[in-house]
Amino acid sequence: MPIAFTHVPGKTAEAAVPFFYDFAETATKLGLIEDGGFQKIVVDDPAGLLTNMDLAAQVLNRTASLEVVLTHWAGVIEPTAAARQLASIDRESGGRLALRMISEPLNDDDAEARPVGHGVIWQRIDEYLVLLKRLWSNDLPFDHEGAFYSIEGGYVPRKGPHGLDLVIRMGGQSGTALKVAGRHADVFELSPGSIDEVRHLMERVRGAAAEHGRAGRLRFALPVRIHWGSSLAGHRAADLSGPPAQAALSLLAYAGLGIDEFMIVGVDTPREIATIGRETIALLRNSLARREASEFQPGAYAPRTGLETRAAS
C-alpha cells in the first residue's frame, strides 16, 4: 500500500513566525520538502482565506510535483467567485490542487456572516460544495436559490483539469459533520486517538459515505506530530515520542488500519525536514514494503509494543 506524506507547516523552532512569513526562506524549505519524500503540503496561513489562495499559487509555482492542500471555508467568497479562482489555480498548476474544507475560519476577519449553530454551519458547507461542484462541471449557466446562497447565471467558463473531481478533504467527528463528509469528501482527515478510536471513526465515516454510494472512494489521512522535545501548538495530531526511526515504527500500526496518508505536523526547520525524509519517511516505506512482501506470514511485522502513541491537542 503506497503511503503519502503531507507536510503541515507550523511555527519554526527558532522564531514564532508563520511558515510562509519569508517566502524566500520558504522556497528553500519547499525544495527540501519536495526532495525529502513529501508529496503534499498544507496551506493554512493564519492571515486568512484570500492569503491562502495567493500562497497556494506561489507554492505551486515554486515546486514541480507537490500537491497543495488549500485550506478553505465557506462564508467569505461567493461560490461563483471561489469556483473561478480555484479552477484557475488548479489549471495553472497542472492539476496539483486539493481543497481542504474546514468548518471554522482560521482568522476572525474571515468570519463574515458566520451562521449560528453547529448544524447550520455544516448545512452551509454542504450547499457551498454542491455549488462548487456544479460550477466546475456545468456546460450552461444556471440559477440557484438556496438557504445560504443565491446565484443567477452561475457559470465558470474555464474549468480546472479535474473539473468537479477536484479532491475534497474534510474532517470532523459529529454525526452532522460525517454526513456532509460522507457526501463530499475524497480524503477524510482523522482525529487523533488510539488504534481502536481511529478504527471506530473510520468505520463511522465509511458508513456515512456508503449512504451515498461512496464508501469505496474514501481515503484516510492521519495528522501526526513528531515530538522534538518541545510543545508545538496548532493542529491536533497523534503525538509520537522518540527518535524519527522509532516514530516510523509507531506509524505501522496506523497504516495497518488502511490509512494511506500521514500529515506530519511540527517539522519546519531544514534540519528537521531533512531528518524526517531520510529516516522516518524512508524507514516507514521500507518497512511497509517488507511487510507486504511477507503478508502471508502472520505476525512477521506486527507493531512493536511499548512505543508511545497518544492523542495530543
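Given the structure is predicted, the values throughout are model-derived calculations rather than measurements. Heavy-atom basis, side chains included; hydrogens, waters and symmetry copies ignored.
- Remark: the backbone N or O of Ala64 is paired with a side-chain donor or acceptor of Glu34 at under 3.5 angstrom.
- A donor-acceptor distance shorter than 3.5 angstrom exists from the side chain of Glu197 to the backbone of Ser194, with no hydrogens or angles considered.
- Taken to the nearest 0.5 Å, the CD1 atom of Ile259 stands 4.5 Å off from the CG atom of Leu222.
- Closest heavy-atom contact between Lys40 and Ala4: CE-CB, 4.3 Å.
- Using cut-offs of 30° and 60° for the angle between ring planes, the Phe5 and Phe38 rings count as perpendicular.
- Between Tyr254 and Ile3, the closest side-chain pair of non-hydrogen atoms is not below 4.5 Å.
- A ring-centre distance under 6.0 Å is not found for Phe262 and His7.
- Applying the salt bridge (charged side-chain N to carboxylate O under 4.0 Å, His left out) rule to Asp196 yields the partners Arg199; only residues at least two apart in sequence or on another chain are considered.
- A continuous path of Ile, Leu, Val, Met, Phe, Trp and Tyr side chains, each step under 4.5 Å between heavy atoms, connects Val267 with Val59, placing both in one hydrophobic cluster.
- No path of Ile, Leu, Val, Met, Phe, Trp and Tyr side chains, each step under 4.5 Å between heavy atoms, connects Val187 with Val69, placing them in separate hydrophobic clusters.
- Put simply, the side chain of Val167 does not reach to within 4.5 Å of the side chain of His162, judged on heavy atoms.
- Taking the six-membered ring wherever Trp is involved, the centroid distance between the rings of Phe142 and Tyr155 does not fall below 6.0 Å.
- Rounding to the nearest 0.5 Å gives a distance of 6.0 Å between CD1 of Ile264 and CG of Leu251.
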Derivation and outcome, side-chain hydrogen bond (donor to acceptor under 3.5 Å, both in side chains), residues Ser65 and Gln39: CA-CA 7 Å; Ser65 62; Gln39 288 74 45; over 6 Å; no

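- Gln58 is not listed as a side-chain neighbour of Asn61, based on a closest heavy-atom distance of 4.5 Å or more.
- Using bins of under 30°, 30° to 60° and over 60° for the plane-to-plane angle, the ring pair Phe220/Phe188 lands in the perpendicular bin.
- Heavy atoms from other residues, nucleotides or ligands lying under 6.0 Å from NZ of Lys179 number 12 at most.
- Rounding to the nearest 0.5 angstrom, the gap separating the CG atom in Leu30 from the CD1 atom in Ile273 is 8.5 Å.
- No more than 12 heavy atoms of other residues, nucleotides or ligands shown are found within 6.0 angstrom of CG on Asp139.
- Between Lys133 and Asp165, none of the side-chain N atoms (NZ, or NE/NH1/NH2) sits under 4.0 Å from a carboxylate O, so this pair counts as no salt bridge.
- Going from atom CE of Met101 over to atom CZ of Arg169 covers 13.5 Å, rounded to the nearest 0.5 Å.
- Side-chain contact check for Ile41 versus Pro9: some heavy-atom pair is nearer than 4.5 Å.
- Linking ILVMFWY side-chain heavy atoms closer than 4.5 Å, directly or via other members, places Trp122 and Val130 in two distinct hydrophobic clusters.
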side-chain hydrogen bond (donor to acceptor under 3.5 Å, both in side chains), that's the test. Do Arg62 and Thr26 meet it? Break it down for me. CA-CA 10 Å; Arg62 298 289 188 96; Thr26 299; over 6 Å; no

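- We find the CG-CD1 distance between Leu131 and Ile151 to be 4.5 Å, quoted to the nearest 0.5 Å.
- The shortest non-hydrogen separation linking Ser103 to Ile121 is O-CG2, 3.5 Å.
- No donor-acceptor pair under 3.5 Å is formed between the side chain of Arg100 and the backbone N or O of Ile168.
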Go through it in stages, so that I can follow the logic: the residues are Asp268 and Lys29, the test is salt bridge (Lys or Arg N to Asp or Glu O under 4.0 Å), and I'd like the CA-CA distance, side-chain angles, deciding distance and then a yes or no. CA-CA 8 Å; Asp268 292 308; Lys29 293 179 181 178; over 6 Å; no

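- Surrounding NE2 of His212 are more than 12 heavy atoms belonging to other residues, nucleotides or ligands, all under 6.0 Å away.
- At a threshold of 4.0 Å, the pair Arg183-Asp126 counts as salt-bridged, since one of the basic side-chain nitrogens sits closer than that to a carboxylate oxygen.
- Here the CZ-CH2 distance, from Arg84 to Trp136, works out to 13.5 Å after rounding to the nearest 0.5 Å.
- Looking at Asp90 and Leu166, their side chains come closer than 4.5 Å, going by heavy atoms from C-beta outward.
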